[in-house]
Amino acid sequence: MTPGDGRLWLAAALLLLQVPGCWSLRGPTSVTGPVGGSLSVQCQYEEEFRENAKYWCRSPCLGDIVVTKEADIEVRKDRVSIRDRPANLTFTVTLENLTEGDAGTYRCGIDTSWLPEYLLDLTFRVVVSVTPGLHSTLPDPTWKTTTSQESPSSSQHPGPSPRSHPTEDQASKGEKRSLLSSIYFWLLVFLEVPLVRSMLSEVL
């Protein structure tokens, strides 16, 4: 076997590790949940992996890994939980309070690091989609109420809008305000004129 053939064989072997359904680990290829809701992913494995730890991570699985500890014991991390059920050879991952940022590619996996015949962990790719919540699709009820409700009498007999003309109270307030301004102006005139005259007489 030439070095080139060896590289091709290794690339093919690594590719098989990523193919859904291979290496005795199966699950859904995609799941969908609404914003604010939850979704569950169930991955199935073979009998030989009953004692292995199972985990869930976001691809490329550099962090935020949720790992099982014991059989039938739920492990929770933030909004994600995982539970291994060896009785039916499955483990279930649940994501709660979904946000749009949760959409992406994840992997359910089996820790085979202590098994000499496996170079890499067994993983299965799952694409998570998050649909918008109801609050983002419903129209504003206040806007609908103010624009759609119109009585026939108002359309047949148009009249002046109450907002286009001030009320009587507003008019009286405006008149009082202008009267006070005038009084204030004349007080200043009568007070300042004698003061200016006295200053001029002292100078002269």
Side-chain angles (χ1 to χ4, degrees), residues 5-144:
D5 293 337
R7 286 194 295 269
L8 288 175
W9 179 87
L10 180 59
L14 291 175
L15 180 62
L16 285 175
L17 290 175
Q18 310 300 326
V19 176
C22 289
W23 297 99
S24 305
L25 180 62
R26 301 178 299 277
T29 57
S30 62
V31 290
T32 303
V35 169
S38 62
L39 59 83
S40 294
V41 180
Q42 187 178 75
C43 295
Q44 189 170 4
Y45 53 89
E46 298 295 333
E47 173 73 26
E48 60 181 307
F49 304 111
R50 182 187 293 268
E51 302 299 327
N52 295 65
K54 286 78 178 180
Y55 62 87
W56 171 265
C57 59
R58 186 162 189 164
S59 186
C61 296
L62 300 178
D64 294 332
I65 298 178
V66 187
V67 186
T68 60
K69 297 186 182 300
E70 298 179 35
D72 295 308
I73 300 297
E74 181 181 89
V75 178
R76 177 175 293 272
K77 184 176 182 181
D78 296 331
R79 297 179 292 113
V80 183
S81 62
I82 187 171
R83 182 192 295 266
D84 186 15
R85 301 182 186 275
N88 56 9
L89 301 178
T90 61
F91 65 95
T92 304
V93 179
T94 303
L95 287 74
E96 301 175 348
N97 296 325
L98 291 169
T99 66
E100 293 182 357
D102 292 328
T105 303
Y106 294 78
R107 290 191 177 274
C108 57
I110 300 176
D111 180 12
T112 56
S113 59
W114 55 278
L115 297 178
E117 63 268 30
Y118 292 96
L119 297 175
L120 300 173
D121 287 350
L122 305 183
T123 63
F124 185 89
R125 188 181 70 172
V126 181
V127 177
V128 173
S129 301
V130 180
T131 57
L134 293 176
H135 64 277
S136 61
T137 58
L138 291 177
D140 185 358
T142 304
W143 173 256
K144 285 292 184 182

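Throughout, numbering of the chain's residues begins at 1 and tracks the sequence.
Under the 4.5 Å side-chain criterion, counting only non-hydrogen atoms from C-beta, Ser24 is in contact with Phe49. In this structure the side chain of Arg83 never reaches within 4.5 angstrom of the side chain of Thr68, judged on heavy atoms. Using a 4.5 Å cut-off on side-chain heavy atoms (C-beta onward), Val66 and Tyr55 make no contact. Considering only heavy atoms from C-beta on, Asn52 comes within 4.5 Å of Leu115 through its side chain. A heavy-atom distance below 4.5 Å is found between the side chains of Asp72 and Arg85. The shortest distance between side-chain heavy atoms of Val41 and Cys43 falls below 4.5 Å. Between Val93 and Lys54 there is no side-chain heavy-atom pair separated by less than 4.5 Å.
For an aromatic pair to be called close, the ring centres must be under 6.0 Å apart, and Phe124 with Tyr45 fails this.
Salt bridge status for Glu46 with Arg26: present, with a side-chain N to carboxylate O gap under 4.0 Å. Note on Arg76 versus Glu96: salt bridge recorded, some NZ/NE/NH1/NH2 to OD/OE distance being below 4.0 Å.
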Please assess Val35 against Glu100 for the test side chain to side chain contact (heavy atoms under 4.5 Å, CB included), listing each intermediate value before the final yes or no.
-> CA-CA 6 Å; Val35 169; Glu100 293 182 357; 3.7 Å; yes
With side chain to side chain contact (heavy atoms under 4.5 Å, CB included) as the test, would you mind laying out the steps for Cys57 and Tyr106 before giving the verdict?
-> CA-CA 6 Å; Cys57 59; Tyr106 294 78; over 6 Å; no
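Judged purely by atom type and a 3.5 angstrom limit, Asp121 uses its side chain to pair as donor or acceptor with the backbone of Thr112.
A donor atom on one side chain and an acceptor atom on the other are found under 3.5 Å apart for Thr90 and Asn88. Side-chain atoms of Ser40 and Thr92 form no donor-acceptor pair, as typed in the model, at a separation below 3.5 Å.
With values rounded to the nearest 0.5 angstrom, Ile110 atom CD1 is found 8.5 Å from Glu48 atom CD.
Scanning all heavy atoms of the two residues, the minimum distance from Val67 to Ala53 falls at CG1-CB, 4.0 Å.
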